[in-house]
2 protein chains.
Amino acid sequence: MLTERQYAVVMAIVFEYIHTGEPVGSRSLSKKYLTRISAATIRNEMADLEEMGFITQPHTSAGRVPTSKAFRLYVDSILEGKRQKSSELADRLLDLKRQRADFEQLLVYSSQLLSRVTHTVALAASAPLAQVRLERVEFVSIDLYHALLLVVLQGRLIHQKMLAFPCEMSRETLDEIARRINTIASGKPWDEVRDGLRTFLLKELDEVSESCRLAMTEIDGLVSAENFRFFTTGIHQILKLPDFQDIGRLQAILSLLEEEEALSRMVRRYSAKDGLNVVIGSEDPESGLGSFSALFSSYSGKGTRTVLGLIGPVRMDYEKAIAALETVWDGLYENGNNSEGRLRD
Amino acid sequence: MLTERQYAVVMAIVFEYIHTGEPVGSRSLSKKYLTRISAATIRNEMADLEEMGFITQPHTSAGRVPTSKAFRLYVDSILEGKRQKSSELADRLLDLKRQRADFEQLLVYSSQLLSRVTHTVALAASAPLAQVRLERVEFVSIDLYHALLLVVLQGRLIHQKMLAFPCEMSRETLDEIARRINTIASGKPWDEVRDGLRTFLLKELDEVSESCRLAMTEIDGLVSAENFRFFTTGIHQILKLPDFQDIGRLQAILSLLEEEEALSRMVRRYSAKDGLNVVIGSEDPESGLGSFSALFSSYSGKGTRTVLGLIGPVRMDYEKAIAALETVWDGLYENGNNSEGRLRD
DNA sequence: TTTGGCACTCGAAGAGTGAGAGTGCCAGCC
DNA sequence: GGCTGGCACTCTCACTCTTCGAGTGCCAAA
């Protein structure tokens, strides 16, 4: 539906706008990018493109600003092509991996790295999948009234909760409870076993039923929801950008970043399918991104869903940002079996 | 060294400045606060006070702005008196406590509450004391090459680390290692046992020495440093304040909040003694607080040091903020044995 | 020692102006 | 028919000038 020339004009406008932040005029386009077409011709094309919704004018007699539709076109064109990996970034990630941190920690370090390199807010998240399998349950007795409940999930994912019992619970009792739970539930997807387990326990283990019931509801809360754990870094990075001297826009994004609930909804919505996704804030007012864009790389494997993302201004350097995210993401998962947080070296 | 009247003038200037944010003129002082003294007299006093360093003029023919010296005077006068507790705040905290969360979680909730009420950034931190006693060490075997190392410290403080072993480690071996460590080290302050333990282990447990040595260095890193764990909330709160429409100041504080290292240094420096401390940023340029002030409430008990704090603009409502912090802090620790994160109800 | 009065200072806000960038449209050219 | 150069028009931005008001400092009188 776009002629080749119109496409070229849109791309040039987006490119120029990303690099200057100012409305783009026909003359500068003709001079810098499309030297074979005159400014007047570009003006005509621009009028059409404006009608089609790719660009707008902040006011008469100003240049054109790309709309989210144009950004989408631009981003898709980048995603289609191949990006060059930054070998420097890959090296620095390798350094991180040598520090033998666990996977979650590595994820945090990676996001810090990303944030510094791209001058955006980086976001890392991991969540157990709903259908994750329960490996086993274990109690670590702390004193007579307290125990640490460890839920070991598939893929070495561990959730834990300190439990307070209303009555004395000996180590032996706890071990026995854990043994019984494991006999029934180990190896099964948690959402399948949960209900059966609860009724079983409440009926069979009458002598310790009160504590058991308590423990059960706790376990429930631990894994039942597909809750992301979030790590964000680099808020100060976006303050450096010339775009956000105006506080109002910052407020929106900071509220979003501090509100795990909203953040979780946003991430779940836009990282639904594995791989790299680009969300342009103004494309969907309900995203909560406002005048920001986000990139998400996500992957579901053995029990966990992992997301690594960037949040930056709509006119961020997508090419660089996408390349950086891909480089880091691939670095995280490369060496085959190293994925899923394996710690072997 | 200040006459009674000079003192009154300083207090009135600070009070008015806190509530308006504008330089305070002699006329409005005479009208609003010191009705028995004429503006001309106040002008004379102001000239003296300026010489003494309590107030400054942003430019000739503007009102006076209090300096950190004046703020300090004001804050001290508040701390001397008694504040009224907000019963609403106390009630909301009680609600939180009923949710049976562990102490650290409760601390986080409390700080969120504080942030909302005072419109400042709230900061919660907890750290094991250097001389904390080791209760015991436990390994939870995950698979042949991985185990979760749990270090149980005095006061139910738990540190943990996922360990990767370079060779197979059976559950029995791990239990044996833990048993030996516990025999020697349990009940002793960690910094005392550490060195002896290391040499003991490296010599005695030769057959599993490589893994042991690894485990030991990990334990070391877990407790050796007095590392605060930080939780901050409410960054978006300070964006609402009229003072910080200027990005530069925000940048300083956001960098500080995102840099755990610097934050830790700052907190350690200003919450050295138990109780409530007020830091006025401009009083000490090295604080990193810039044009912000901070309140810290801190307490060291059975193994942990806990800090709850607020960071707000220098001209924050200290009276309200101090009262709020005190209310929440007392709420956290009241009911005697409920302190230290006891979970009984 | 305190007070009223007066001249002076300075910044904030508003109006006016010119420069510059950009557009839309028209008429001519390939 | 599509492309281009030219021209009139529009709108913002930055700058200057002016006015207004709040506030001071100082002096002389009570």
Side-chain angles (χ1 to χ4, degrees), chain A residues 1-10 12-17 19-67 70 242-243 245-246 315, chain B residues 2-10 12-17 19-67 70 242-243 245-246:
Chain A
M1 83 192 208
L2 282 179
T3 67
E4 206 166 309
R5 194 167 66 190
Q6 283 173 329
Y7 185 79
V9 171
V10 175
I13 290 175
V14 175
F15 190 87
E16 178 70 1
Y17 183 71
H19 291 278
T20 66
E22 314 250 289
V24 184
S26 56
R27 224 182 116 79
S28 59
L29 275 194
S30 156
K31 267 193 180 166
K32 267 202 196 169
Y33 303 95
L34 307 157
T35 40
R36 310 164 117 201
I37 323 174
S38 80
T41 311
I42 293 177
R43 278 202 285 283
N44 291 330
E45 298 286 24
M46 278 171 147
D48 293 348
L49 286 169
E50 186 161 9
E51 211 168 309
M52 287 188 262
F54 286 97
I55 50 183
T56 46
Q57 262 180 309
H59 52 85
T60 340
S61 97
R64 300 312 212 285
V65 171
T67 63
D243 299 43
Q245 301 313 4
D246 149 38
R315 64 171 204 80
Chain B
L2 282 179
T3 68
E4 207 166 307
R5 195 167 66 189
Q6 283 173 329
Y7 186 79
V9 171
V10 175
I13 290 175
V14 175
F15 190 86
E16 177 71 1
Y17 183 70
H19 291 278
T20 66
E22 314 250 288
V24 184
S26 57
R27 221 181 119 77
S28 58
L29 275 194
S30 157
K31 268 193 180 168
K32 268 201 194 169
Y33 302 96
L34 307 157
T35 39
R36 310 162 117 202
I37 324 174
S38 81
T41 312
I42 293 175
R43 278 205 284 283
N44 290 332
E45 298 286 24
M46 278 172 147
D48 291 350
L49 286 169
E50 184 161 10
E51 209 168 309
M52 287 188 260
F54 285 98
I55 50 182
T56 46
Q57 263 181 310
H59 55 260
T60 340
S61 97
R64 300 310 213 286
V65 171
T67 63
D243 299 44
Q245 301 312 5
D246 149 38

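Naming: A, B, ... by sequence-line order, numbering from 1 per chain.
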Round to the nearest Å and state the distance from B/M46 atom CE to D/dT24 atom C1'. 10 Å

Length of the line joining A/N44:CG and C/dG24:C1', which is rounded to integer Å: 9 Å

On the nucleotide D/dC3, are OP1 or OP2 found under 4.0 Å from the side-chain N or O atoms that A/R5 carries? yes

From CD of B/E22 over to P of D/dG23, roughly how many Å is that when rounded to an integer? 9 Å

Any donor-acceptor pair under 3.5 Å linking the side chain of A/E45 with the backbone of A/Q6? no

Quick one: the side chain of A/R43 and the base of D/dG6, do they pair up donor-acceptor inside 3.5 Å? yes

Within the structure shown, what part of the strands sits under 4.0 Å from B/T60 by heavy-atom distance: base, sugar-phosphate, or nothing? sugar-phosphate

Are the side chains of B/L49 and B/L2 in touch, meaning some heavy atoms are under 4.5 Å apart? yes

Can you measure B/E45 atom CD to D/dG25 atom C1' for me and round it to whole angstrom units? 15 Å

5′-ward residue of the pair B/A40/B/S61 relative to DNA chain D: B/S61

Using atom types as modelled and distance alone, determine if a side-chain donor or acceptor of A/S30 lies under 3.5 Å from a backbone N or O of A/S26. no

How many whole angstroms separate atom CD1 of B/I42 from atom P of C/dT1? 17 Å

Here the distance between atom P of D/dC11 and atom CZ of A/R64, to the nearest Å, is 14 Å

In whole angstroms, the gap separating P of C/dG22 from NE2 of A/H59 amounts to 10 Å

Given D/dG23, is OP1 or OP2 found less than 4.0 Å from the side-chain N or O atoms of B/S26? no

Check the distance between C/dC30's C1' and A/I37's CD1 and give it to me in whole angstrom. 17 Å

Do B/E50 and B/I55 touch side chain to side chain, with heavy atoms closer than 4.5 Å? yes

